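Notes follow once the structure below has been shown.
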Amino acid sequence: MLAYCTLAGLLSSIVISGLLFSLDFISKTPPGTFFAVIGSSLGFYDSNTSPYVGLLLHFATGTVAGNLLGQGGIFWNRLVPFGLRRGTVLGVITGISLWLVLFLPLTMYIIQPKLEMFNFSAPNQYVFVIAQHFQGLDMIVVIGSFFRLTIEPR
């Protein structure tokens, strides 16, 4: 069960990453821009490094979340995600919990302030362009991520 949950978390993060790459294509931003925001906010300012850092952290978050759900299922039978309906409900609950506990605080208190700072003092042109692209989009990112969360496959 632990392996199943861990794999489900990884696969879920891979699928949603694919959707985020398609948003880059639609918005005509360079591939990996959404992930570059994460990498740049953590101090990886190189255009070749920051998207990969963000992508790997996205995969790691999904994988760890799935693993934690599986570990919880070992100790508490109500968290056992067997069956399509139960797995979907538990996956959505896990996703909403991650959104509330991890995504919102990181976005509102670390990433957005860092992007605003980059609008005035960016370490290079690449980071400046990313910061300009996301300027004033705080609430759109938060609301859009919640809707993304509700359609994310589990």
Side-chain angles (χ1 to χ4, degrees), residues 1-115 126-127 129-131 133-134 137-154:
M1 177 180 65
L2 189 58
Y4 166 78
C5 291
T6 303
L7 180 62
L10 174 63
L11 292 177
S12 181
S13 66
I14 289 171
V15 168
I16 201 64
S17 295
L19 292 173
L20 289 172
F21 275 114
S22 69
L23 287 176
D24 285 334
F25 178 75
I26 292 167
S27 66
K28 296 180 174 65
T29 57
T33 298
F34 288 99
F35 299 111
V37 168
I38 298 167
S40 297
S41 296
L42 295 173
F44 296 91
Y45 304 130
D46 179 45
S47 62
N48 295 320
T49 307
S50 64
Y52 292 112
V53 169
L55 182 64
L56 287 174
L57 286 173
H58 194 259
F59 288 165
T61 301
T63 304
V64 169
N67 184 280
L68 290 174
L69 178 64
Q71 288 182 43
I74 291 171
F75 297 106
W76 191 29
N77 287 340
R78 289 181 166 234
L79 291 179
V80 175
F82 290 123
L84 182 61
R85 182 180 170 139
R86 184 175 191 83
T88 301
V89 169
L90 288 172
V92 168
I93 291 170
T94 302
I96 291 172
S97 299
L98 272 175
W99 187 80
L100 287 169
V101 171
L102 189 64
F103 177 80
L104 275 182
L106 285 175
T107 300
M108 299 309 291
Y109 299 114
I110 295 174
I111 293 174
Q112 279 305 134
K114 195 85 159 191
L115 286 175
Y126 174 72
V127 175
V129 169
I130 289 174
H133 182 73
F134 287 96
L137 297 179
D138 318 26
M139 293 315 295
I140 292 171
V141 169
V142 169
I143 292 167
S145 69
F146 181 77
F147 285 113
R148 179 203 80 183
L149 170 73
T150 60
I151 62 165
E152 187 173 331
R154 301 276 180 220

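Bear in mind the structure is a predicted one, so any value in this text is a computation, not a measurement.
Taking every heavy atom of both residues into account, Ser13 and Gly62 meet most closely at CB-CA, 4.0 Å. Closest heavy-atom contact between Ser50 and Ser47: OG-CA, 4.4 Å. Between Leu115 and Ala131 the shortest heavy-atom distance is O-CB, 3.5 Å. Nearest heavy-atom pair across Cys5 and Gly66 is CB-O, 3.0 Å. Closest heavy-atom contact between Ser41 and Ile111: OG-CG2, 3.6 Å. Nearest heavy-atom pair across Thr33 and Pro30 is OG1-O, 2.5 Å.
Counting heavy atoms from C-beta on, the side chains of Ile38 and Val53 never come closer than 4.5 Å. Proximity of Thr63 to Asn67: side-chain heavy atoms (C-beta onward) are nowhere separated by under 4.5 Å. With contacts defined as side-chain heavy-atom distances shorter than 4.5 Å, the pair Leu55/Ser17 qualifies.
Atom CG of Leu106 sits about 9.0 Å away from atom CZ of Phe103, to the nearest 0.5 Å. Here the CG-OG distance, from Leu69 to Ser97, works out to 9.5 Å after rounding to the nearest 0.5 Å. Distance check, rounded to the nearest 0.5 Å: CZ of Phe59 to CD1 of Ile16 gives 11.5 Å. The distance from the CG atom of Leu98 to the CD1 atom of Ile93 is 12.5 Å, given to the nearest 0.5 Å. Here Phe35 contributes atom CZ and Phe44 contributes atom CZ; the two are 16.0 Å apart, rounded to the nearest 0.5 Å. To the nearest 0.5 Å, atom CG of residue Leu102 and atom OG1 of residue Thr107 are 8.5 Å apart.
Looking at residues two or more places apart in sequence or on another chain, you find a ring-ring contact (aromatic ring centres under 6.0 Å, His included) between Tyr45 and Phe118.
Dense packing is recorded around CZ of Phe21, with more than 12 heavy atoms of other residues, nucleotides or ligands lying under 6.0 Å away.
With hydrogens and angles disregarded, no donor-acceptor distance shorter than 3.5 Å links the side chain of Ser12 to the backbone of Gly9.
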